[in-house]
A.B. asks: 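Below is a structure I'd like to ask you about.
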Amino acid sequence: MTAHVKPKALENFKARDFRMLIDGVWTEGAGPALERVAPGHGIVVSRYPAGTKADAERAIAAARKAFDDGPWPTMTGAERSNILLKAADLIAARADELAFLDCIESGKPISQAKGELGGAADIWRYAAALARDLHGESYNTLGEGTLGVVLREAIGVVSIITPWNFPFLIVSQKLPFALAAGCTTVVKPSELTSGSTLVLGEILIEAGVPAGVVNIITGTGPEVGAPMTTHPDVDMVSFTGSTGVGRLTMANAAQTLKKVSLELGGKNPQIVFPDANLDEFIDAAVFGAYFNAGECCNAGSRLILHTSIAADVTARIAELAKKVKVGDPLDPTTQVGAIITPQHLEKIGSYVDGATKAGASVALGGNALDLGLGQFMAPTILSGVLPEMTVAREEVFGPVLSVLTFETTQEAIRIANAIDYGLSAGVWSRDFDTCLTVGRKVRAGTVWMNTFMDGASELPFGGYRQSGLGRELGRHAVEDYTETKTLNMHMGARTGWWMPR
């Protein structure tokens, strides 16, 4: 690897020092700071406190007190909504700052990061609307002397643990809905990309969120994340990350029977029939495979192509993928940025090597790129992939596209479902019956038809099987952070009691 080249945008840059937010107070960590080296530039860009178990316990205690004694759960929906709307406006006002942090810490392209911030602000506004819509039920059909009322109450203290690949967007898919319900929270961002979440803490204080309602702690999973999933004062855990860590989170939470929401991995197929609009599909295939450098649970990493079009479509995808610009994340024209860590780059390469040893062919890329910056991977296409190969079954989490083939619709569905994941899928055909048949048979939380990786705040997101539990976004998102309570009320004198009088 050549010496790192500092771009002009970072010539006068100084690494930013952050503090944790506990009970409304910015606090230093007890141990040495965690330094974040920018994956796209190879220089230290951020320092965070290395939180400890004691820090996690202090944050949980603050959230517990804020829920049990504070004003947040008892505010009207309108009051919480107004604060969330103010937060959304402040997010929009500081979008460039937040996008810059996500760009340099995660390696994602700056143009993409700015787009994610626009989507995040919209999610906060959507959650604000749901804060006013949350309601229970009533039943006056239970007999003349009985009235039944079902309340929806905030579940309590929620631990929110987020990953490094979409630092601000994913916390925005969780936190505003928990707040809209009236919950209090402890948030742990990834130790690789904590900056924008800590700035969010500043925004929420300015917006009027009371002390203790949102606590943000930094550090590693074993030191900080583990107590967030086991502590008896935590009522719910919302986690996004790998399936392996998701299993551990669920096992930890089971010790005190907490509610758990998990958004985990994916190995998402795109099934393409001969009658599809191939021009549109090829563009979507390149986008689906290489967006966020493939470090995306929703990546369209498996193409399942009809045998009659497979060779031509693979060649066309390769030609378009050659035009994808890989480079400096701070360059507005970059489409694929850096890989999160050198270790992860090595892991991606090992999947490619394993696939070729198993009989697949490299149709494009397959190698790391030395750009004189940080760590980068060439957009890669593997052809001749069989369903039983590891690269067709496990989440690579990098810019690697596997091409499989099918003869019949039932075979395509079987290949799509023959893995442990079920997060999302795509189907491409001009025949609506074909799209609907595949869409109903593929076991995935989202199935796109003649498009891929579209989304909206109104549409639920989550997976089947080992892709997770529960759903985020959508009109029921706030309800996920509530408990239901039945009030069974008797009116008038009680008669007909079973004991003789």
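We're numbering straight along the sequence, starting at 1. Just so it is clear, the structure is predicted and the values come from calculations on it, not from any experiment.
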A.B. asks: Not counting sequence neighbours, list each pair that qualifies as a side-chain hydrogen bond (donor to acceptor under 3.5 Å, both in side chains) and has a residue in residues 206-223.
C.D. replies: none
A.B. asks: Side chains of Glu394 and Tyr351: do they bring a donor and an acceptor to under 3.5 Å?
C.D. replies: yes
A.B. asks: Check whether more than 12 heavy atoms from other residues, nucleotides or ligands sit under 6.0 Å from atom CE of Met250, and answer yes or no.
C.D. replies: no
A.B. asks: Quiz question: by atom type and distance under 3.5 Å, do the side chains of Asn450 and Glu280 form a donor-acceptor pair?
C.D. replies: no
A.B. asks: Indicate whether any N or O donor in one side chain lies under 3.5 Å from an N or O acceptor in the other, for Thr52 and Asp55.
C.D. replies: yes
A.B. asks: Does Lys108 make a cation-pi contact with Phe166, if we ask for NZ or CZ under 6.0 Å from the ring centre and within 45° of the axis?
C.D. replies: yes
A.B. asks: Under 3.5 Å, is there a donor on one side chain and an acceptor on the other for Lys258 and Ser159?
C.D. replies: no
A.B. asks: Mind listing the side-chain donor-acceptor pairs of residues 419-427 below 3.5 Å, one per line with the distance, residues two or more places apart or on another chain?
C.D. replies:
{"unit_1": "Ser424", "atom_1": "OG", "unit_2": "Asn268", "atom_2": "OD1", "d": "3.1"}
{"unit_1": "Ser424", "atom_1": "OG", "unit_2": "Asn298", "atom_2": "OD1", "d": "2.8"}

A.B. asks: Assess the side chains of Thr451 and Asp454: does a donor N or O sit below 3.5 Å from an acceptor N or O?
C.D. replies: yes
A.B. asks: Are Asp102 and Ser196 close enough that a side-chain donor and a side-chain acceptor fall under 3.5 Å?
C.D. replies: yes
A.B. asks: What about Tyr48 and Phe18, are their ring centers closer than 6.0 Å?
C.D. replies: yes
A.B. asks: Take Phe397 and Trp164 through the ring-ring contact (aromatic ring centres under 6.0 Å, His included) test and state the conclusion after the steps.
C.D. replies: CA-CA 12 Å; Phe397 224 61; Trp164 47 258; 5.5 Å; yes
A.B. asks: For side-chain contact (heavy atoms from CB on, under 4.5 Å), just list the numbers for Val362 and Ile381, CA-CA rounded to whole Å, side-chain angles, deciding distance to a tenth of an Å, and then say yes or no.
C.D. replies: CA-CA 6 Å; Val362 177; Ile381 299 173; over 6 Å; no
A.B. asks: Pair Leu200, Phe168 - check side-chain contact (heavy atoms from CB on, under 4.5 Å), show working.
C.D. replies: CA-CA 8 Å; Leu200 176 60; Phe168 198 87; 3.8 Å; yes
A.B. asks: Show your working on salt bridge (charged side-chain N to carboxylate O under 4.0 Å, His left out) between Arg16 and Glu105 and close with a plain yes or no.
C.D. replies: CA-CA 11 Å; Arg16 185 165 174 177; Glu105 291 186 349; over 6 Å; no
A.B. asks: Hey, is CD on Glu346 packed in by over 12 heavy atoms from elsewhere, all under 6.0 Å?
C.D. replies: no
